[in-house]
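Once you've had a glance at the structure underneath, I'll fire off some questions.
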Amino acid sequence: MPEGPSIIILKDKLKPFIGKRVINANGYAKGFDADQLIGKTLKDIRTWGKHTLLVFPKFTVRIHMMLFGSYKINEPVKKNASLHLEFSNGYVNFSISAVKLIVQPLDEVYDWSADIMSKEWDTAKAIKRLKAKPKTMICDALLDQKIFSGSGNIIKNESLFRARLHPESVIGEISDKKLEELIVEVINFTKDFLKWRKAGILTKHLNAYEKDICPRNHIPFHRADTGKTKRHSYYCEKCQELFD
DNA sequence: TAAGTTGTTCGGGG
DNA sequence: CCCCCGAACAACTT
């Protein structure tokens with residue numbers, strides 16, 4: 001479920017609850033006391049990467065759906081929810097989610113310029129952040145939420161394919177031109193991801209993730225768990241250049 | 001049925 | 001004190 005663009009869709013679906021008071025709240029998320037939300041009014045909903053931020057007057061609730069998480073709005077869940085929130089006009093259930101209370105101002109907690117879905121996304125800063133890790137493989141950097149907040153394994157694989165860059169390329173060896181090209185593809189693919197996800201046709205449009213054959217060369221993709229993150233990479237050795 | 005999965009945090013060892 | 005690595009966690013599909 002939860003790569004960044006999916007969280008934007010969730011935010012839109014939660015909008016009817018803005019301005020409403022929580023009339024009941026519970027859930028098994030550890031380290032979080034749902035009772036404290038009861039009677040509080042939801043002021044706003046924001047997102048940072050894969051974080052869904054429910055803004056209340058004196059604090060914010062941060063929800064992260066991790067790898068297997070999901071949510072349901074106005075639909076019952078089979079198992080207990082990590083967090084169940086009920087408003088006068090409906091309810092939402094978050095399953096397998098990490099829930100955390102944030103009391104600091106959000107601008108102190110989050111760097112919006114690192115969020116690939118944000119209008120404040122800053123390519124120049126991203127290049128700086130990448131260059132600060134010259135020995136890191138690009139496949140790991142694409143999953144680093146401090147650099148590409150909101151990116152996950154799909155965005156990693158698809159943007160590397162689009163930019164014709166090998167996942168095991170070492171940042172310090174990648175040409176500036178290629179790095180910039182990659183970032184353009186990350187942002188473009190993220191927009192496509194959102195558009196296709198909304199239309200329910202995302203998987204049809206994927207070129208690399210979980211694919212067998214390179215659509216450019218019609219030869220088999222290499223599949224390997226790459227980098228320190230050891231997540232699945234799908235790449236074409238013919239058209240994705242390796243910098244090492 | 002067992003394995004695999006769009007992810008992150010924690011703690012131990014070096 | 002920092003880095004690295006494995007474990008832990010949760011539910012659903014194939």
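The chains referred to below are lettered A, B, ... by the order of the sequence lines, with proteins before strands, and numbering in each begins at 1. Side-chain atoms are counted along with the backbone in the values below, which use heavy atoms only and exclude waters and symmetry mates.
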T229(A) and D140(A): side chain donor to acceptor below 3.5 Å: yes
Side-chain touch Y110(A)/I102(A), heavy atoms, less than 4.5 angstrom: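 Sidechains of I102(A) and Y110(A): in contact.
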Contacts of H205(A) that satisfy side chain to side chain donor-acceptor pair (under 3.5 Å) - sequence neighbours left out: none
With sequence neighbours excluded, residues passing side chain to side chain donor-acceptor pair (under 3.5 Å) with D44(A):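 None.
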Phosphate-side-chain proximity, K50(A) and dG7(B), N/O vs OP1/OP2 below 4.0 Å: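 The answer is yes; a side-chain N or O of K50(A) sits under 4.0 Å from OP1 or OP2.
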Interatomic distance, L67(A) CG vs dA3(B) P [rounded to whole Å]: 17 Å
Nucleotide dT5(B), atom P - distance to CG of N153(A) in whole Å: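 After rounding, the reported distance stands at 9 Å.
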Interatomic distance where CD1 belongs to I96(A) and P belongs to dG7(B) [whole Å]: 14 Å
Out of dT6(B), dT8(B), dT5(B), whichever nucleotide has its closest atom nearest the side chain of F193(A): dT6(B)
Gap in Å between the two P atoms, one belonging to dA3(B) and one to dA7(C), rounded: 15 Å
Ring geometry between H51(A) and W48(A) (parallel below 30°, tilted from 30 to 60°, perpendicular above 60°):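 It falls in the perpendicular class, over 60°.
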L42(A) vs K20(A) side-chain heavy atoms within contact, under 4.5 Å: no
For R231(A), all residues meeting salt bridge (charged side-chain N to carboxylate O under 4.0 Å, His left out), sequence neighbours excluded: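 None.
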Nearest-angstrom distance from the residue atom CG of L10(A) to C1' of dT6(B): 14 Å
Parallel, tilted or perpendicular: ring planes of F161(A) versus F221(A), cut at 30 and 60 degrees: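 The arrangement is perpendicular - the two ring planes meet at more than 60°.
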Pairwise C1' distance, dC1(C) and dG11(B) [rounded to whole Å]: 15 Å
Ring geometry between Y234(A) and Y209(A) (parallel below 30°, tilted from 30 to 60°, perpendicular above 60°):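 Y209(A) vs Y234(A) ring planes: perpendicular.
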Between dT6(B) (P) and H64(A) (NE2): distance, integer Å: 14 Å
Interatomic distance where CE belongs to M65(A) and C1' belongs to dT9(B) [whole Å]: 18 Å
DNA chain B-proximal residues of residues 27-35 of chain A, any heavy atom under 4.0 Å: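 The stretch gives none, as no residue of it lies under 4.0 Å from the strand.
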N/O donor-acceptor pair, side chain R231(A) with base dT5(B), under 3.5 angstrom: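 Not at all, since no donor on one side and acceptor on the other fall under 3.5 Å apart.
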Between dG4(B) (C1') and D225(A) (CG): distance, integer Å: 11 Å
Within 6.0 angstrom of R21(A) CZ, more than 12 heavy atoms from elsewhere: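 It does not: R21(A) CZ has 12 such atoms or fewer within range.
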Flag for K156(A)-N153(A): side-chain donor and acceptor within less than 3.5 Å: yes
Short side-chain N/O contact from Q145(A) to OP1 or OP2 of dG7(B), under 4.0 Å: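 It does not, given that no N or O in the side chain of Q145(A) lies less than 4.0 Å from OP1 or OP2 of dG7(B).
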Contact boundaries on DNA chain C for chain A, cut-off under 4.0 Å to non-hydrogen atoms: dC4(C) to dA11(C)
Involving DNA chain C, stems made of at least three consecutive Watson-Crick or G-U pairs, both distances under 3.5 Å: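 Runs of three or more consecutive pairs: B:2-5 with C:11-14, B:7-14 with C:2-9.
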K156(A) NZ - dT6(B) P separation (whole Å): 9 Å
Side chain proximity check, I23(A) to Y91(A), heavy atoms < 4.5 angstrom: no
